[in-house]
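Here it is, the structure in full.
Here is the naming used below: chain letters follow the sequence lines, and residue numbers restart at 1 for every chain. On a predicted model such as this, the values are computed, not experimentally measured, just so you know.
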2 protein chains.
Amino acid sequence: MSSKSGADSSRRTRRGVTSVDVAAAAGVSQATVGRVFSSPGKVSPATRDKVQDAAAQLGYVPNVIARSLKSQRTNIIGAVVPAFGEYWQSVLTEFSRQLATKDRQLLLFSFAEPGDVDGVLASVAQYRLDGLVLASATIGQDQLIQMRESGRPVVAFNHPAATGIVPSVSVDNEAGMSRLAMHLINTGAREILYVGGVSSASTDQTRYRGASRTLGEHGVACTYLEAGAFTYEAGYKVAQNIVERQPSPDAVMVSSDEVAFGVHDGLRAAGVQVPADLLLTGFDGLSQSAWAGFDLTTLVQATDVLVARAIEVLLTDDRPPESDPVSVVVPGTIRYGKTTAKTP
Amino acid sequence: MSSKSGADSSRRTRRGVTSVDVAAAAGVSQATVGRVFSSPGKVSPATRDKVQDAAAQLGYVPNVIARSLKSQRTNIIGAVVPAFGEYWQSVLTEFSRQLATKDRQLLLFSFAEPGDVDGVLASVAQYRLDGLVLASATIGQDQLIQMRESGRPVVAFNHPAATGIVPSVSVDNEAGMSRLAMHLINTGAREILYVGGVSSASTDQTRYRGASRTLGEHGVACTYLEAGAFTYEAGYKVAQNIVERQPSPDAVMVSSDEVAFGVHDGLRAAGVQVPADLLLTGFDGLSQSAWAGFDLTTLVQATDVLVARAIEVLLTDDRPPESDPVSVVVPGTIRYGKTTAKTP
DNA sequence: ATGTTCGATGACTACGTAAGCATTGAATCC
DNA sequence: GGATTCAATGCTTACGTAGTCATCGAACAT
């Protein structure tokens with residue numbers, strides 16, 4: 001029957017082996033087991049081996065929940081992200097990848113409607129997260145302030161309107177769009193149409209400002225048109241408006257790649273050739289922009305750098321109590337595709 | 001000075017208001033505060049109001065960590081997902097959306113290399129998750145078994161090889177690809193090339209089986225070619241092999257949409273017209289497959305249904321101790337695009 | 001030989017919540 | 001009017017870990 005003792009102890013295993021169990025098995029105190037897992041250097045090699053053997057035998061795994069309760073750190077970073085959109089998905093993935101290398105996990109809070117954000121933020125508060133990424137350009141000022149008041153590290157990702165309210169990391173939206181505008185001017189465009197996604201998104205506003213300022217300085221006309229969503233479909237649909245427009249533009253600047261893809265295909269469906277009849281630019285540098293079917297001129301965001309900086313801001317939270325929140329701006333790179341290629 | 005008492009208590013607020021603080025403020029016991037938040041019906045209305053007022057005043061938010069420690073439930077579902085790929089990103093987003101409506105959160109464990117999975121699984125074990133989604137078709141049998149032994153609800157998402165080992169939810173990969181094969185036969189294809197992504201992925205194997213079986217039954221030739229990755233680039237590159245092939249195929253079936261996009265563009269770059277010279281099918285039904293530039297014939301997975309079923313399996317974990325794990329198979333729908341349109 | 005130092009270890013407790021059990025007071029019944 | 005019942009609430013403890021402090025013994029210096 002003594003041979004059954006192993007099975008016996010594994011019965012208790014079902015609902016969790018604790019450090020106390022390991023301590024008993026190894027003939028040491030719970031404190032020593034804890035030390036073996038948190039600061040192994042403070043335990044003699046002999047004891048350490050004994051404990052590790054016992055732990056392996058019982059299948060002991062430290063309980064992060066309990067550790068978090070005691071240490072007040074969860075090693076979990078929260079991310080508030082819109083439920084849709086290629087861009088945000090790619091950002092999310094990058095965060096997850098980079099956090100994994102730092103032994104942090106990402107807890108996802110996605111929201112479909114801007115109105116859902118409040119519910120999400122309430123839910124966020126319950127988890128004692130080590131940090132929170134606000135990855136959406138439509139989060140309101142009051143919500144940002146509420147997050148700042150939570151007393152936990154926060155960073156706004158690519159949300160220009162958050163600058164000065166909470167620490168933020170963004171690509172240089174204004175300069176990027178400005179450079180794209182210069183490129184169009186240099187390519188000969190004189191009548192430019194700007195297609196935004198959702199005008200309430202702060203990225204949308206900032207990007208448009210970059211375009212209109214530069215175009216204005218060079219005496220080039222620029223009109224704003226709102227697609228209504230940051231989606232392919234919205235872009236496809238708005239293409240119809242573009243072709244009917246008078247005077248007909250010779251270039252279209254779009255706020256985001258995903259919308260630009262839709263505009264691209266919508267224009268083609270309407271019989272407009274890009275770039276022969278109309279130049280086209282996007283923004284974001286999604287991987288699809290390099291696909292042969294599009295080969296879109298766009299501003300490529302170095303997502304890996306942006307994310308790395310955001311994580312840095314979150315984890316090294318050395319805010320002197322009441323100083324201004326940091327604001328990191330990362331420059332972008334223009335990708336020159338055939339959608340703005342000079343046609344001889 | 002008594003006017004400062006408010007500020008005084010908010011100083012303690014900095015590092016977390018607890019139910020004890022609320023109890024003191026409301027003049028009740030901690031237990032009563034707890035009841036107000038977990039089973040309000042057991043508290044008299046007068047007391048309830050008092051407590052709720054005090055809680056609101058102090059900005060009390062229940063600590064989920066502590067609750068989890070006590071209740072042994074975290075309300076968090078883990079997801080082990082590959083770090084790349086449009087398909088998995090869309091699945092992930094859908095999980096997050098649906099779980100949010102059930103007051104569950106999604107903790108992300110992404111991995112870049114198949115070899116990283118073991119590390120991820122070790123990390124997963126530390127969190128006492130309420131359930132775990134294994135969303136990858138390359139997780140090994142031993143790893144699946146290890147997860148099953150953890151004693152927590154697990155579901156394999158679209159990983160045919162996991163069937164019978166852990167509960168699983170998949171689209172009908174074999175039947176779907178079989179139906180696409182029939183469609184090609186009916187459209188007149190007689191020499192078919194099958195392009196897989198990574199042959200070790202169980203979806204890849206199952207899909208190929210569906211194609212080859214049906215094609216074989218109808219006396220149509222079928223060769224397997226491996227792209228090497230489930231990416232656009234891999235597809236683009238393999239297109240070169242396709243055009244050089246003898247006898248030249250009249251249709252290409254691809255294991256996944258993303259690879260198919262690459263094949264599509266690669267073929268075009270090589271001067272091959274789809275569908276005039278060659279028919280093309282994908283698999284997954286990514287949103288891009290409907291984009292005008294591709295208009296790809298593919299098998300559309302009802303991701304929302306698949307995810308809903310997976311969540312159902314996870315949350316209603318009524319496994320009779322040693323019965324066979326459930327296996328849910330959801331049929332797909334063919335999307336007929338112009339890549340297989342009969343050309344007169 | 002005795003005091004000193006230091007590494008190794010154990011006992012104890014706090015973290016914030018929830019659930020079981022104990023207590024109270026008021027309303028009900030005979 | 002006293003016993004019974006029940007709703008409302010308080011008291012206590014357990015969840016699993018980590019840090020503080022105390023203890024112990026061995027190595028070392030005087």
Lys50(B) atom NZ is separated from dA8(D) atom C1', nearest whole Å, by 11 Å
Atom CG of Leu69(A) to atom C1' of dA14(C): distance rounded to whole Å?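 Atom-to-atom, Leu69(A) to dA14(C), this comes out as 9 Å.
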So does Thr32(B) get a side-chain nitrogen or oxygen closer than 4.0 Å to the phosphate oxygens (OP1/OP2) of dT9(D)?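 Thr32(B) to dT9(D) OP1/OP2: no side-chain N or O under 4.0 Å.
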Quick one: Lys42(A) NZ to dC6(C) P, roughly how many Å, whole number?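 Rounded to the whole Å, the gap is 14 Å.
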Send over the distance from Asp21(A) CG to dC15(D) P, rounded to a whole Å. 10 Å
Rounded interatomic separation in angstrom, taking CG from Asn75(A) and P from dT17(D):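 After rounding, the reported distance stands at 15 Å.
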Please report, rounded to the nearest Å, how far the P atom of dG16(D) is from the CD atom of Gln126(B).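 For the pair Gln126(B) CD and dG16(D) P, the rounded distance is 15 Å.
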Rounded (10°) bend between the five-pair end axes of the helix from dA1(C)-dT30(D) to dC30(C)-dG1(D):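 Roughly 50°, once rounded to the nearest ten degrees.
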Let me know which of Ile139(A), Asp142(A), Leu121(A) forms a side-chain contact (heavy atoms from CB on, under 4.5 Å) with Met147(A). Leu121(A)
Please examine the side chains of Val80(B) and Val124(B), heavy atoms only from C-beta on, and report whether any two atoms are closer than 4.5 Å. yes
Heavy atoms from C-beta onward define the side chain here; which of dG10(C), dC15(C), dA8(D) lies closest to that of Ser44(B)? dA8(D)
Does any part of the side chain of Arg152(B), heavy atoms only, come nearer than 4.5 Å to the side chain of Arg128(B), both counted from C-beta?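 Yes, at least one pair of side-chain atoms sits under 4.5 Å.
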Does a side-chain heavy-atom distance below 4.5 Å link Phe157(B) with Val91(B)? yes
Taking all non-hydrogen atoms of both residues, which atom of Ala23(B) and which atom of Gln30(B) are closest, and how far apart? CB-N, 3.6 Å
Distance (rounded to the nearest 0.5 Å) between Leu69(A) CG and Thr74(A) OG1: 12.0 Å
Regarding Thr47(A), tell me which of base, sugar-phosphate or nothing describes its non-hydrogen contacts under 4.0 Å with the strands shown. sugar-phosphate
Within less than 4.0 Å of OP1 or OP2 of dG16(D), is there a side-chain N or O belonging to Gln72(B)? yes
Measure from CZ on Arg73(A) to P on dA14(C) and round the result to the nearest Å.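 Arg73(A) atom CZ is separated from dA14(C) atom P by 23 Å.
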Those residues that, when tested against Arg104(B), pass side-chain contact (heavy atoms from CB on, under 4.5 Å) (two or more places apart):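 Per chain and number, Arg104(B) pairs via side-chain contact (heavy atoms from CB on, under 4.5 Å) with Arg73(B), Asn75(B), Ile77(B), Leu99(B), Lys102(B), Asp130(B), Leu315(B).
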So which protein N/O to nucleotides 17-19 of chain C N/O distances come out below 3.5 Å?
unit_1: dT17(C); atom_1: OP1; unit_2: Tyr60(B); atom_2: OH; d: 2.6
unit_1: dT17(C); atom_1: OP1; unit_2: Asn63(B); atom_2: N; d: 3.1
unit_1: dT17(C); atom_1: OP2; unit_2: Ser19(B); atom_2: N; d: 2.6
unit_1: dT17(C); atom_1: OP2; unit_2: Ser19(B); atom_2: OG; d: 2.8
unit_1: dA18(C); atom_1: OP1; unit_2: Arg67(B); atom_2: NE; d: 3.1
unit_1: dA18(C); atom_1: N7; unit_2: Gln30(B); atom_2: NE2; d: 3.3
unit_1: dA18(C); atom_1: N6; unit_2: Gln30(B); atom_2: OE1; d: 3.0

Verify side-chain hydrogen bond (donor to acceptor under 3.5 Å, both in side chains) between Ser29(B) and Thr32(B), making sure each step is shown before the conclusion. CA-CA 5 Å; Ser29(B) 72; Thr32(B) 298; 3.3 Å; yes
Evaluate whether atom CD of Gln57(B) has more than 12 neighbouring non-hydrogen atoms of other residues, nucleotides or ligands under 6.0 angstrom away. no
